[in-house]
Amino acid sequence: MSVLDIAKGMGITLSKLFQKPVTVSYPEERATLQPRFRGRHVLTRHPAQRPGELGLEKCIGCSLCAAACPAYAIYVEAAENDPQHPTSPGERYAKVYEINMLRCIFCGLCEEACPTGAVVLGNEFEMADFRYRDLVYGKEDMLVGVDGSLPQRREAARSGKPVRVGFKVPEGARPELEGVEYPT
Amino acid sequence: MKVTVDGIQVDLPAGTSAIDAVFHAGRDVPYFCAHAYLSPVGACRMCLVEAGTPRKGKDGEFELDEATGQPRVFWMPKPMASCTMQATEGMHIRTARTSDVVAKAQAGMMEFTLLNHPLDCPTCDKGGACELQDRAFEYGYGASRYGFDRRHADKHYALSDFIILDQERCIHCKRCVRYFEEVPGQEVLDFIERGGHTFIDTEEGGLPVGFQGNIADICPVGALLDNVARFRGRNWEYDHTPTTCTLCPVGCSITVDARNGRLERVVAGENRDVNELWICDAGRFGHVFATEERLTVPLVRVGGELREATWDQAVEAMRQGFLGHGGNVGLYLNADSTLEEGAALVALAEAIGTASLDHWPRYAHTPMSTATLTDVATADAVVVLGADLGEEAPVVELRILEALRGGLLPPEFAHGTAIADLRLTERPSRTPEKLAVIGRESRLWGHAGIRVAASGPDALTRLARPDTPELQAALRLLEGAGKPVLILGADVLNGADAAFSAALGSLAGRVGAKVLALPAGANSRGLGGLNLVPGAGGMPYARLDGVGAAFISRLDPAAQGLPGRARGFTVVHDTHLTATAGLADVVLPAVTGYEKRGTTINLEGRLLPLTQAPLRAGEGADLIRALAAVAEALGIRPPVRGLRGAQTWLEGRYGLRLAELPAGGLLQPPRPAQDAATGTAHTPNLWKPRMVPHPERRGSGVLGREARTELWELPMAPAPRPGGDD
Amino acid sequence: MPDWLAALLITLLKGVLVALALLTTFAYMTLIERRLLARMQIRHGPNRVGPGGLLQPLADAVKSIFKEDLRVTMADKLVYTMAPIVAIGMALTAFGGIPAGPPGSLFGEDPWVYNLDAGILALLALTSMGVYGIFLGGWASGSKYPILGGLRSSAQMISYELGMGLSILGLLMLVGSTAFVNIVEWQAQSGWMLLFQSLGFALFLVSSFAEVNRTPFDLPEAEQELVAGYLTEYSAIKWALFQMAEYVNMITASAIMATLFFGGYRGPVFLEGLIPGISGWPIIWLVVKIAFFLFLFIWVRATLPRFRYDQLMRFGWKLLLPLALANTMMTAAYLAFARGLGLWPLALLSLLGLLALFAMSDRVRVLWNRPTGRPHTDDALPTRPLGGD
Amino acid sequence: MIAFMLLGALALVGAVITITARNAVHAALGLVGTLLSVAGLFASLSASFLAAIQVIVYAGAILVLFLFVIMLLNANQPITGRDPVPFVRELAGIGGVILAGALAIIAFSYRDPRPLAEGAGALRGGTAVAVGETLLTRFLLPFEAVSILLLVAIVGSVALVKRPVPQPDGLTDAEGVALPTESPERTAPEGGVRA
């Protein structure tokens, strides 16, 4: 580190002063995410039997995600399917499926543990909210087809506009996220 | 007898099975069909080992190996099932640890076993506690080489209200079949069809009530499952609490599985001296009352109506209510309360100076019991007098059947109870002539050689002076036996008095019989020993309307047709809003027997510990703390303020050391019982209405988002409404 | 109105004006620093409050003032409260002695708040008192990290004050006066002092950085090791006062450097050819020079990492102090024996010294990078496999 | 005059605080106050150079060092319990009496310090030039004596503080293992981690 090196460093900083910043003005512009980015969970469904119908849920309420969760963020309560109107294939489905997003560390171990590929980490990350209770996400907040997070949907309902997510995934959502589409 | 397992030499008694030799040496062998209390059949073929024995030559000496000078070992040509093979002198055994042949054979067996297994572990309630899962992980190949379709069979249909059967998951170990045949002696389940089409089912239209739940415990896979606990949680999510069942005086060892503060499942625990490994259906499935419709806060009658209150308000209401009653207070508790709770009650009664204290159910006079359950199981003659064991103490019935089967108690090794006791046989022969049942018709009649219909306490006098051929045969059975046991039930004990006790003593003395008088309540024997009965001038439980003010803990006299209120003021301490609680002035929330710490004394006089399962009980308090509140309301310092204090009190007065009990309990010497009139008769009834599970009522414990998270939310200014602009 | 009262009032008015100017500069200095740092890191910086973030200082001020003033249980209450006041008081007072123009150039008044004969010495004295703010603040917080920060700052201040004082001795010898006006006027006569004391300037520059606790010498408030050092237990307005003091000290240091080495309130004479009288414009030139040095402060912060503490001390005692002494001796010797040759040989000598220092910088570095007094015992050290544990 | 009274009073207050404060840091701060007040006195006597030097040297350096040591040794705890030195009170009393006697003698035998009048005259104005000239001409010898005293003190303290470097037994320095110079293979890259 001779004086020359210091001068060189100073020169670099000075030249960067005149470069265009790379910052994205996030709320106005969409942030660019990679498909592998781990955000809010999505509970996926099997393909629908007939068009227009909803497919069966992939989740069978086995609680393996809860067992794998290092932060104890997941709570599952299973129940038996009504054979006439099953929620999921097989005898068992998740009656309650909750993830406490305040505890979740988005490590993806639940996704690894899931034997049916039901819980997949999506790319959504805009979940900031005001109350603890609103950050415990249930099935109604995570099943595929639900756009945006709870605060975003609340805001959308208030303003009457569709949910606008603040990011884009140029390569499209991961294939595991069946039925999920993100702005590209 | 010296046996060498993987080079480790162990010394074993003759008759030991090879599998026990392996486990005794600290080695492991996978097995599914062998079971400690069932006959070994070698059905699953998983416990393969290589075995070899030395051979004796013509001179009667072992043939020696020239090289080493040691006896030469002749190995059997193929791996052997160790559970059905008896270990012999000098035998050498190789497990998968040292023998590749065994390892390969076991892995191959595992592959076969899994050939038709549906592998639906995520949906299966057994997942996480499944022997097949564990052994497949430890000993299997990890992948199957058979790509064809699996066998399909009936899945998840109810065999009975309590048991769900999934035929696809069955691996044909036959444990359930053998259990019914060997333990309760009921031939209901069997294999149907043959080969790959074999399945388990019954043609009886259901399973017999009584002990069917045990097959859910012993099934090594998820084929037979507890329907009450179905899908309530995964095995790793439960908090397992080993404790003692307080539904009947047997005091079976159980494990309480709770999740999120809800009691979801009860499984049997092992206590070789009490219940071996079996519990009754009431004890296993009748636990729903612990989580349903519980009282969680005190109630106080305001303006003729019970309102929710705080403990402080309840104490204040009791202070008002007890005013003017002075020492005229009655204290009553359920006989399944612990010794510590009884001690607290006795100490408080002494502090108040009242003689009106009582526990229920109990008999006016209980003869001294001298027999233990092991005595029953090894007796050569059993006479059951006026007892309906199915209602009073179901597991005693199993121990009697054990005696009829030969009275073989399984040996114990370094690893615990023997895994395969070769003396046990499939479809065992029984000796009904060793059992005489005198009394009303009950389930035991089917197993008894001598059956006499009789009722009331005069059954004993009739037995002593037989007037019918059957009674004469029963008396002859007693007189001719070496170790006879006389079991007395509610029917004779309800009217018992000192004269009855004397007659019993003379009969038992004459024939050399041990006596087992079944106590009325789970801890009646212990509480009677504390002299927790009305003293001179005191009002018994049945006449609690005779006292000015009463404290009633977990009893429901109103539902029994007894007076439900004291004359002036009534405090009820209960887990549910019972009929009596509905009449009370103050209701304090109580905890069930699953949520207590303490000690109970079972029918044979054994001290058994209770531990507290993590159940959500709101502000429910055990009797010791409730009595402390009563004492506060009465304006006196509670003499016993906690569990430790109660134990000190008991040690000081009776010399009972309850702090550290051995795992299997501690047998207490019999104590002479007290005489105190009850005023009413006790009708044993195991299944209380609240214990009956209603699957449709077993809803989720999870509340809506709002209610669910209210408790742990930070106190905030008025919470913003969803959708509002915060 | 008696004369002395008028003089007092005018002095007061000047003082208030200077304080206001300094505080405003401080406020916008924070914004400018953040924006510049951001741009040097290819970011935008604060741009949300007001147009282009121009109201950000206002928002910060409002926040600082209305934030809860923490009371630390273990603190020594009196000293805890006094420390930031001392810091900002000394910082504000120090600036008052700097002349912004020739005497009488401010509407007939002198463009400085007070004038002491000691001049630069008085300023040094005041800034040396400023260390008490940091030092006592760290001690009075009654907490571990602050006291470590306080200890560091005191050691650093003492070390670098010596080098700082010595590095301007040559300058003072040349001028023969400690008063700022005299120094400026001397430079107007003979040319900027930078030319004749380039080595001294380099040393003074480095010492100034150390004296105002700026990167790479900001060890008293090192976030990584000391959790912000003496500032740890401070919040709200007291914290803001400390920040103010730091920035005002920066401005003062810039002003001193401008005055001592860059001709102070006088502009470069060669510009007279373009616009006559331009070098005599009051205040403007001083402000321009201060701005340049402030930019330098920011620029260096954006570039250089922090010293390690032992490096800092070794650098101060083993390089800075001897060099400053040498510079003093050289100037003194020159003045004593070769005054007749004029000033330019001295300038050449000083420049040669500086260049030699630069050329040898790689070797000189050993002075502060090598620990002394301890033999290398690496072999005896227990070895640990690489990678996390 | 007003300034003199005020500063004198402040100096006295500071001195009293220095003696009476139970907290060592407060005592040191009291001393700082005294020194600053004395500097103010100098300034009010137009000896601005002396004032500045007083502040720089005493308040700015020496007392900072004092405080540094106090804080480093955590010596700011209130002094409680018995005095560690025996007879300290008695000794202090004797010292106080002697000091008071000396002060009394000085006060009663006060006369105009004639020999210094020349120096005082030279110092008029108190600028650096005047002070320097006076010190390096008229008072050169005392000045150099003091500087030698300081030098001796510095050398002595260095000698006291310097830790002995352990030498291998039976080896002279020349034979001893030389401290390894920076050997090339050992040179860590720039910023390399040294455990």
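Each chain gets a letter, A, B and so on, in the order the sequences are listed, and its residues count up from 1.
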is_close_aromatic(Phe262(C), Phe201(C)), centroid dist under 6.0 Å: yes
Residue pairs passing the ring-ring contact (aromatic ring centres under 6.0 Å, His included) test where at least one lies in residues 43-68 of chain A, sequence neighbours excluded: none
Choice from Gly9(A), Pro21(A), Ser15(A) maximising heavy atom contacts with chain C below 4.5 Å: Pro21(A)
Pairs touching residues 24-35 of chain A that satisfy salt bridge (charged side-chain N to carboxylate O under 4.0 Å, His left out), sequence neighbours left out: Glu28(A)-Arg48(C)
Proximal component of Leu14(A), with respect to chain C [non-hydrogen, under 4.5 Å]: both
Separation of Arg214(C) CZ from Tyr247(C) OH (nearest 0.5 Å): 5.0 Å
Interchain contact, Leu37(C) with chain A, by part (heavy-atom threshold 4.5 Å): neither
